[in-house]
J.: 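Structure in structure tokens, see below.
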Number of protein chains: 2
Amino acid sequence: MHNMSIHNRGCQSPRQPNVRQRMHAYEKIRTEMLQRISQQVWPAGSSLPHEEQLAEEFGVARGTVRRAMEQLVDQGLLERKRKAGTKVAARNAHSSTLTIPVVRREVTDSGAEYGYSLLSARKGGRPLDRSGYFAGAPLLHICCLHLSDGRPYQLEDRLINLAVVPEAEVQDFSEISPNEWLLQKVPYSSVCTTLKAEAADAKQSRHLQIAQHSPVFVIERQTRLDKQQVTLVRMSHPAAGFSIITQTNWIDIPDPE
Amino acid sequence: MHNMSIHNRGCQSPRQPNVRQRMHAYEKIRTEMLQRISQQVWPAGSSLPHEEQLAEEFGVARGTVRRAMEQLVDQGLLERKRKAGTKVAARNAHSSTLTIPVVRREVTDSGAEYGYSLLSARKGGRPLDRSGYFAGAPLLHICCLHLSDGRPYQLEDRLINLAVVPEAEVQDFSEISPNEWLLQKVPYSSVCTTLKAEAADAKQSRHLQIAQHSPVFVIERQTRLDKQQVTLVRMSHPAAGFSIITQTNWIDIPDPE
DNA sequence: AAGTGGTCTAGACCACCGC
DNA sequence: CGGTGGTCTAGACCACTTG
């Protein structure tokens with residue numbers, strides 16, 4: 001019922017066919033409210049009854065109707081203010097949850113065979129194309145390639161802050177990718193992700209085996225712990241055959257009886 | 001390169017500088033637990049104390065500690081099972097919330113002046129490059145261009161199902177874009193968004209004023225209401241100067257005193 | 001079977017903010 | 001000021017699932 005990426009991250013309601021799952025009160029209420037919004041019984045901008053009124057209507061405690069409403073607020077469908085009450089929000093954006101899994105999983109989940117190859121690892125790299133990020137910290141610069149069924153899938157170009165992650169210096173990245181190693185080993189408190197399209201430069205075209213200037217899909221990610229940069233990575237995919245898909249279902253699909 | 005959509009998650013409290021905001025019990029507890037996870041007091045894979053134990057430790061009711069934990073579960077940092085207890089999740093993905101606002105807002109929020117121009121609107125278009133979607137429903141096919149400070153910003157290529165949205169047939173789209181009109185007028189129950197990079201075709205290069213085959217960032221979106229397709233849209237941006245940014249802050253930044 | 005998380009209640013009190 | 005949503009409690013009962 002929540003937003004999910006297609007790749008993994010199972011929706012928490014795995015439905016058994018022919019099994020009517022018990023629906024909790026707050027789920028029933030949330031679904032009912034969702035329907036009233038969709039069918040414009042409560043049109044955009046209109047006010048809803050108070051919590052107490054709804055609690056009485058649905059025959060539950062106030063806390064239960066609150067729980068249903070909270071989720072709708074999180075989805076951006078309702079707006080609440082203390083004295084003003086609850087209104088149906090005017091939509092001015094599409095929101096969904098983006099999930100970018102470990103590359104290996106991404107590949108294997110698609111049914112392909114995963115391959116990995118370390119291209120280079122050396123100390124003392126400079127921040128890729130920006131400056132000031134790592135404030136003179138000792139850096140490890142790693143380049144590696146992820147393969148799907150033997151074909152280049154993703155080029156990973158990464159800087160690791162050895163002041164924060166000293167273990168990285170002695171870690172052997174010829175078998176495990178820094179992508180996977182870091183995600184599991186190193187904690188972080190803040191992540192900034194950038195998605196963009198670019199024309200392939202020489203390095204990208206060579207390793208991804210595509211024509212120069214052909215489009216690549218780039219995911220850049222900065223990871224911080226407290227106020228220190230942990231790592232900065234650029235992941236480039238050949239545009240052909242790569243996309244990110246997110247799906248959002250506001251309303252649960254009822255089982256065909 | 002100013003265009004972007006930003007969204008953060010996990011730190012929904014806008015802080016006033018120099019104003020120590022009252023922190024609720026569940027916020028304090030959530031922050032404390034976040035710190036223990038970040039600092040590996042509770043390392044990945046380890047088990048946490050039971051709810052009752054934590055409630056006692058923090059001096060609150062069980063429901064309050066539950067509320068804090070629920071948010072951490074939503075963020076994918078904790079995993080809970082009934083008899084097994086609560087464990088720190090092994091991270092195998094980066095999640096964040098992606099927000100794609102109405103184009104006009106996206107442009108004006110970046111400080112630029114918004115412009116709009118309708119290119120074509122005609123009945124009876126066919127599904128863009130796929131088939132079977134609209135099942136023979138009457139369609140309206142609209143092309144339009146969004147401008148930022150007079151420069152082409154986004155090409156919008158859209159099909160609208162007139163069986164679901166009959167008002168669209170008589171709506172004048174020369175002043176308001178279908179993007180904006182639909183989002184505010186028409187309810188939907190399910191959205192599927194695809195992000196990808198492509199090489200510009202003739203139409204894209206002409207309207208976006210970029211060289212053919214140069215990279216474009218494409219956002220495709222299918223919107224359904226119940227089981228009917230409402231609209232299918234392809235939004236193409238010149239890759240240079242367009243990106244999508246998401247930021248996730250697990251831990252609130254404490255105010256400098 | 002027992003222990004854990006999950007739901008729900010009934011009520012108290014608080015804090016914000018529109019009237 | 002008063003009404004609304006927001007927080008918190010203490011406790012009951014349920015349902016899952018693992019040891």
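Chain letters run A, B, ... following the sequence lines, proteins first and then strands; every chain starts at 1. Keep in mind it's a predicted model, so treat the numbers as computed, not measured. Just so you know, these numbers use all the heavy atoms, side chains as well, and skip hydrogens, waters and symmetry mates.
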J.: Within 45 degrees of the axis of the six-membered ring of A:Y188 and under 6.0 Å from its centre: does B:R91 put its NZ or CZ there?
T.: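 Yes, cation above the ring, under 6.0 Å and within 45°.
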
J.: Without decimals, in angstroms, what is the distance between B:E51 CD and D:dT9 P?
T.: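 Going from B:E51 (CD) to D:dT9 (P), I get 13 Å.
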
J.: Look at all strands and tell whether A:R66 reaches a base, only sugar-phosphate, or nothing, counting heavy atoms closer than 4.0 Å.
T.: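 Base, at least one base atom sits under 4.0 Å.
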
J.: Would you mind reading off the distance between A:Q71 atom CD and C:dG6 atom P, rounded to a whole angstrom?
T.: 13 Å

J.: Using a strict 4.0 Å threshold on nitrogen-to-oxygen distance, state whether A:K28 and A:E32 make a salt bridge.
T.: no

J.: If each of A:A25 and B:M69 is mapped to the nucleotide of DNA chain C with the nearest heavy atom, which maps nearer the 5' terminus, i.e. the 5' end?
T.: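 With A:A25 and B:M69 compared, the 5'-side residue is B:M69.
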
J.: Does a salt bridge link A:K185 with A:E167, judged by any charged N lying under 4.0 Å from a carboxylate O?
T.: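 Salt bridge: no.
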
J.: Does the plane of the ring in A:H146 sit parallel, tilted or perpendicular to the ring in A:Y116? Use 30° and 60° as the thresholds.
T.: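 Geometry flag for A:Y116 against A:H146: tilted rings.
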
J.: So which nucleotide from C:dT4, C:dG6, D:dG6 ends up closest to the side chain of A:R80?
T.: D:dG6

J.: Roughly, in whole Å, what's the span from CZ in B:F58 to P in D:dC8?
T.: 13 Å

J.: Are the side chain of A:E180 and the backbone of A:S177 linked by a donor-acceptor contact shorter than 3.5 Å?
T.: no

J.: If only side-chain N and O atoms of A:Y26 are considered, is one of them under 4.0 Å from the OP1 or OP2 phosphate oxygen of C:dT7?
T.: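 So the side-chain polar atoms of A:Y26 do come within 4.0 Å of the phosphate oxygens OP1 or OP2 of C:dT7, strictly under.
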
J.: Please give, in whole Å, the distance from C:dC17 P to A:H50 NE2?
T.: 18 Å

J.: Figure out the CZ/P separation between A:R67 and C:dA10, and round it to whole Å.
T.: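 Checked: the CZ to P distance equals 17 Å.
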
J.: Using OP1 and OP2 only, check whether a side-chain N or O of B:T64 sits under 4.0 Å from D:dT9.
T.: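 Indeed, a polar side-chain atom of B:T64 lies that close.
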
J.: If the plane angle is over 60° it's perpendicular, under 30° parallel, otherwise tilted; pick one for A:H237 and A:F217.
T.: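 Perpendicular: the ring planes of A:H237 and A:F217 meet at over 60°.
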
J.: Let me spell it out: for each of A:Q53 and B:V60, pick the nucleotide of DNA chain D with the closest heavy atom. Which residue's pick is nearer the 5' end?
T.: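 Nearer the 5' end of the strand: A:Q53.
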
J.: Take the protein atom CD of B:E70 and the nucleotide atom P of C:dC8, then report the distance between them rounded to whole Å.
T.: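 It works out to 12 Å between those atoms.
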
J.: Grab the CE-C1' distance between B:M23 and C:dA15 for me, whole Å please.
T.: 17 Å

J.: Rounding to an integer number of Å, can you tell me how far A:E56 CD sits from C:dA10 P?
T.: 12 Å

J.: Describe, in one word, how the ring planes of B:F173 and B:W181 are oriented to each other, choosing from parallel (under 30°), tilted (30 to 60°) and perpendicular (over 60°).
T.: perpendicular

J.: Going 5' to 3' through nucleotides 11-19 of chain D, assign each nucleotide B (protein heavy atom under 4.0 Å from a base atom), S (under 4.0 Å only from sugar-phosphate atoms) or - (no protein heavy atom that close).
T.: -B--BBBB-

J.: Just to confirm, is there a sub-4.0 Å distance from OP1 or OP2 of D:dG5 to any side-chain nitrogen or oxygen of A:T86?
T.: yes

